[in-house]
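The next block holds one structure in the form of structure tokens; read it before the comments.
This one's a predicted model, so the numbers in the text were calculated from it and none came from an experiment.
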Amino acid sequence: GRDKGPSDCFKLVRTVVSMGMEPLIVFAFGKRKVEKLAEEMGTLELTVHTERESITQIYENAIQTLSDDDQVLPQVEKMLPLLQRGIAVHHSGL
């Protein structure tokens, strides 16, 4: 299909961030929609280097509490790059 460019949601988030009005919460209905928006928002950089270092340390400490099998789940592995950029997601299936 044809690339439609950024979603309206992405444009809105980008505008809010550019105006310095973050933090913000975006609600989406459905696991696929949440994952799609998270991937799109993952192109934004909402953190600075020191925050990314702290986020990485907290993430690594947190995943140590998971079983070895859970640590390598795709939804767990995909989370760190988003968190490092200041994006977090939650869905009952994640």
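A distance of 15.5 Å separates NZ in Lys33 from CZ in Phe27, rounded to the nearest 0.5 Å. Taking CG from Leu73 and CG from Leu66, the interatomic distance works out to 8.0 Å, rounded to the nearest 0.5 Å. Once rounded to the nearest 0.5 Å, the distance linking CZ of Arg85 with CG of Leu80 reads 10.0 Å. With rounding to the nearest 0.5 angstrom, the NZ atom of Lys78 is 7.5 Å from the CD atom of Glu39. Taking CG of Leu83 as the start and CG of Leu46 as the end, the distance is 11.5 Å to the nearest 0.5 Å.
The minimum heavy-atom distance between Ala38 and Leu82, with the atom names listed, is O-CD2, 3.2 Å. Heavy atoms only, all atoms of each residue included: Glu40 and Phe10 are closest at OE2-CB, 3.3 Å. Across all non-hydrogen atoms, the minimal contact from Val89 to Met79 is CG2-CE, 3.6 Å. Among all heavy-atom pairs drawn from Val26 and Cys9, the shortest one is CG1-SG, 3.4 Å. For the pair Ser7 and Leu37, the tightest heavy-atom approach, listed with the atom from each and the gap, is OG-CD2, 3.9 Å. Val76 and Gln71 make their closest contact through CG1-O, 3.7 Å (heavy atoms, listed as atom of the first residue, atom of the second, distance).
Linking Ile, Leu, Val, Met, Phe, Trp and Tyr residues whenever their side-chain heavy atoms come within less than 4.5 Å places Leu44 and Leu12 in a single cluster. A continuous path of Ile, Leu, Val, Met, Phe, Trp and Tyr side chains, each step under 4.5 Å between heavy atoms, connects Val13 with Val16, placing both in one hydrophobic cluster.
A side-chain N or O of Gln84 and one of Thr56 form a donor-acceptor pair less than 3.5 Å apart.
The 12-atom threshold is not exceeded at CD of Gln57, counting heavy atoms of other residues, nucleotides or ligands nearer than 6.0 Å. Crowding of Lys11 atom NZ: a count of heavy atoms from other residues, nucleotides or ligands under 6.0 Å exceeding 12.
Between Arg52 and Glu45, at least one side-chain N (NZ, or NE/NH1/NH2) sits under 4.0 Å from a carboxylate O, which counts as a salt bridge.
The main-chain N or O of Val48 is found under 3.5 Å from a side-chain atom of Glu51 such that the two form a donor-acceptor pair.
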